[in-house]
Amino acid sequence: MKFYNIEKKEVLKGLDIQEEKGLSSSEVKKRREKYGLNEFTPKEEGSFWEELKGNLTEPMILILIAAAGISALIGEAHDAIGIIGAITIGIAIGMITEGKSKKAADALSKLTENIEVKVLRDGEIHQIQKNELLPGDIVYIETGDMIPADGRLIESINLKIREDMLTGESDDVSKKSDITIPMEKIESKGQVIEQEPIPAKQLNMVFGGTLVAYGRATMVVTTIGDETEMGKIAQNLCDEDEQTPLQAKLGNLGTMIAKISSAVAGLLFIFMVVQMVMTGVLNVDMSGFMPFLESVEPAKTAFTVCVALIVAAVPEGLPTMINMTLAITMQKMAKINALVTKKEACETIGSVSVICSDKTGTLTQNRMTVEVAYIDGRYVENKETKNNSYFNENCTINSTADIENNNGETKYIGSATECALLLYNNDDYRKIRKQSNIVSQNQFTSDKKRMTSIIDSDNGLLLLSKGAPEVLLQLCSHVQKANDIVPITESIKNEILDEIKKLQIKSMRTLGFAYKQILSAGQEAALTLDLEDIDVDSNENNLVFSGFVGIRDPLREDVIDSVNTANKAGVSVKMLTGDNINTARAIGEELGLLKNNMRAVEASFIDTLSGEELKTEIQTISIVARSKPDSKMRIVQALQDLGEVVAVTGDGINDAPALSKADVGIAMGIAGTEVSKSAADIILTDDSFSTIVDGIQWGRGIYDNFQRFVQFQLTVNIVAFLVAIICTVSGQEMPFTTIQLLWVNIIMDGPPALALGLEPVRKHVLKRMPTNRNANIITKSMGINIVLNAVFITGVLMVQSTFNILNVAPEEQGTVMFALFAFSALWNAFNCREFNADSIMPNLFKNKLALQIISVTAIAQIIFTQLLKDFFNSVALDALTWAKVILLALSVVIINEIVKFVIRLFKGNKQEELVEELATSKE
């Protein structure tokens, strides 16, 4: 049943309920069994073992487990233990730092708690717990109440509902019981499509979780629990999280490494076995099982070497490095007012290409504010300026709103517009109200569009009215001009209306003021009056027009600069707001969102589009007005299908599904609801849009650090493979033992990798486009650097192996090769700190921790080689030999810097030539 679309009598009939009696006790029992409690079904939380299973099934971790298993099978138990240890540390750090985040559905169920509700049952009024409500219950609501469930109004008196937490609409919504809402007709593609009106347009319905801002009403409950609008939002939050770009790229990297290393190692093993057979080293004996095992013994060495190469190729330090880097970054981001609840978001935010932002409370301050006042015939620049038309009294006495101040925080109670007037006057309005006696009052209604009060003051009986300026002007015969009261003419009226239009074009809401001196103090004293007989309606004529104000929900101070910075970083901003199209468009123009032929549309237009059509249209849409939770979800999905990495910001319950669906959900920590915070990956403790831009800068820096590690690690892996291939093909003996090969791999995966993960964020990261969701983590320039450095280090090793350029004793050659490999890899960490042709010198000392870690690792390499001779099959080297090894390994940095300098010089000359060419062409 569409309760908004039929008369209230039909609603009551459909729900089988009598308005005078409500539900009977027997009917309560029946409906309780059918509908259950008025609660949201909480989302099931994953157990510790399920979370552990999820971590263990990551592609990179699976490859490491396989490598550990192979190492154990071939008798390399300590290698297997080392790999398992790395896996354990990485997963433990990840689970501890991320923790168990609170579920958004739980926050929804706690949102309203179990408030007391006034209901009609068995013909009598009772107070029951909110969760005991059932469809068909008659509920009484009034100012300040929270709506306990979705319902159809059957009576209403001046009812206004605050629905911003559901619809995003910042204005209070007037509701009526005696209307029906027709189905909405939308013209699309030459056809008229009929669809349900959005909740914001269902003016005879109220929704659970919203607040009564003004008036009172009687409602009949239509839906409870999961079936309510809030309940549908909770269900949307139960969808599985999308895989982050980081997870996808690391998964692809692990698969690529596994395939390439396995293929190369397999081919190498086949080559080595064939070579053994051809030289007669390997003679397979098929006469029995034991003879067979003994005959293939020579192949075991080849197999061990190939397995070692595969194990060495897998970056087992990557999970540990990622988790530690993200854990440290979470702490650093907290210092810039961004609390990260899901560690992957630290990196993912750096890949964001589109920010879908809510307006109210995110781009604006969610606080109606008087920006312009036109009083006594002129604009008032100083609000302390005295006036002659009772403007202050009209704002404070002719009002029912209140302001609550707690520890410096201001909370609006009642109409946000009236609260804005109270703040503008900055008077002790409670004291003024106490000293005033309201004789008669007509509350604001959508029909009259004004609120009028008659007060008994020191000046006599005074009528004060405020409302729509064009309505008040019809009731006015005079206008206040400074100290004078002059008759109102068509010319004066048009002049006032022209000034009002100027404000409306700027998306301001205008509110007019008028007054009338009914009786002076002297006249009142001379007459015997019964104040109860004073009627507002009979006195609302021949008023004096005081003036008007322009009220707006102001933008946050830094939001325009932040949007511009985001655009320069290649991040587009889309505003998804519950406001009407005119307000949304005005705000969008102020923010610069409608440049480059971008446009604003209503959510009803989005609803008419298919998935494919939406993907096309959304590319030219920057503002969606009257936005709903499901339309936000569709927009996020469409952008993700286009390959965009989407961040969604918001503070209301209506934002929660999109926050959960987005690659990065960003909630407001001050104005945000618990639901939005629980659904988000990042919570802004200062509610500042600029913090998002700072977060993007951090995220891009983290992504760069992961690339630094990958570049560093893959160079070591390629060197190991190239040396093995060259030695095998040329018939030379492998210069490294299996233990030495694995040691270099493990020690390079550890401390140096972490050092690269903590590299400071470069300022230029916000001057480039965001990384595409489908882009490979290894860029073209990275690939070139990896190959060139790997070839150079391999060349140095093979030259030493073949020609002994360091002139060491034969028994020292193996140890020297081992040390040269380790130090070449270690020095290459400096090269990996910068990308492209950038020199390492400008930022050389900015990461002091990296310098300390690399120094400690170098000292550890020397100490372990000297002391653990049996373990590494090494010999002790003298100081001179160590110095020669370290200096030769340093050549990888020196050559890199020389090559980069030449490239920069060449690029600089090329740019100068281009400038000269352009200058010449202009002449």
Side-chain angles (χ1 to χ4, degrees), residues 71 74-83 85-86 300-313 316-317 713 715-717 719-724 726-728 732-752 793-829 853-892:
S71 298
I74 63 173
E76 303 294 343
H78 50 286
D79 298 334
I81 292 171
I83 295 172
K300 181 183 176 182
T301 303
F303 182 74
T304 302
V305 170
C306 291
V307 169
L309 286 173
I310 294 175
V311 173
E316 57 265 25
Q713 181 62 45
T715 303
V716 177
N717 296 344
V719 169
F721 270 101
L722 287 177
V723 170
I726 292 171
C727 289
T728 302
Q732 295 184 45
E733 187 178 343
M734 186 73 174
F736 315 119
T737 65
T738 304
I739 290 297
Q740 289 174 348
L741 193 62
L742 291 172
W743 169 259
V744 172
N745 178 62
I746 290 171
I747 196 172
M748 294 307 156
D749 272 354
I793 294 172
T794 302
V796 170
L797 290 171
M798 295 314 300
V799 167
Q800 172 59 28
S801 176
T802 306
F803 302 107
N804 191 15
I805 59 175
L806 293 180
N807 194 26
V808 297
E811 64 273 14
E812 295 178 330
Q813 180 71 316
T815 305
V816 167
M817 289 292 292
F818 172 43
L820 189 58
F821 183 21
F823 274 96
S824 294
L826 202 56
W827 280 120
N828 191 49
I853 289 174
I854 291 174
S855 300
V856 170
T857 305
I859 294 170
Q861 174 68 30
I862 295 172
I863 293 173
F864 289 155
T865 304
Q866 294 288 97
L867 299 180
L868 303 177
K869 297 187 287 291
D870 293 336
F871 183 78
F872 288 117
N873 295 318
S874 61
V875 298
L877 302 177
D878 57 44
L880 180 61
T881 304
W882 276 114
K884 290 192 290 184
V885 167
I886 293 170
L887 288 173
L888 180 58
L890 179 61
S891 62
V892 71

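Keep in mind that the numbers below use all heavy atoms, side chains included, and drop hydrogens, waters and symmetry copies.
Nearest heavy-atom pair across Ile726 and Met798 is CG2-CE, 3.7 Å. Nearest heavy-atom pair across Leu820 and Gln800 is CD2-CB, 4.0 Å. Minimum heavy-atom separation, Leu868 to Ser874: O-OG, 4.1 Å.
Expressed to the nearest 0.5 Å, how far OG of Ser801 lies from CZ of Phe821 amounts to 13.0 Å. If you take OG1 on Thr815 and NZ on Lys869, they are separated by 10.0 Å, rounding to the nearest 0.5 Å. Note that the CG atom of Leu722 and the SG atom of Cys727 stand 10.5 Å from one another [nearest 0.5 Å]. To the nearest 0.5 Å, the span separating CD1 on Ile886 from OG1 on Thr881 amounts to 11.0 Å. The distance from atom CE of Met817 to atom CD of Gln740, rounded to the nearest 0.5 Å, is 10.0 Å.
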Run Val885 and Val808 through side chain to side chain contact (heavy atoms under 4.5 Å, CB included) and show every step you take.
CA-CA 10 Å; Val885 167; Val808 297; over 6 Å; no
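Contact check for Leu826 versus Gln861: no side-chain heavy atoms found under the 4.5 Å cut-off. Using a 4.5 Å heavy-atom threshold, the side chains of Ile805 and Leu888 count as touching. Proximity of Gln732 to Thr802: side-chain heavy atoms (C-beta onward) are separated by under 4.5 Å at one or more points. Between Leu890 and Phe823 the shortest side-chain heavy-atom distance does not fall below 4.5 Å. Taking 4.5 Å as the limit, some side-chain heavy atom of Val875 sits within range of a side-chain heavy atom of Leu877. Counting only heavy atoms from C-beta outward, the side chains of Val744 and Phe818 approach each other to under 4.5 Å. Taking 4.5 Å as the limit, every side-chain heavy atom of Pro735 sits out of range of all side-chain heavy atoms of Leu797.
Qualifying side chain to side chain donor-acceptor pair (under 3.5 Å) partners for Trp827, counting only residues two or more places apart in sequence or in other chains: none.
More than 12 heavy atoms of other residues, nucleotides or ligands lie within 6.0 Å of CG in Asp878, so this atom counts as buried by the packing criterion. Summarising the local packing, CD of Glu733 is surrounded by 12 or fewer heavy atoms from other residues, nucleotides or ligands at distances under 6.0 Å.
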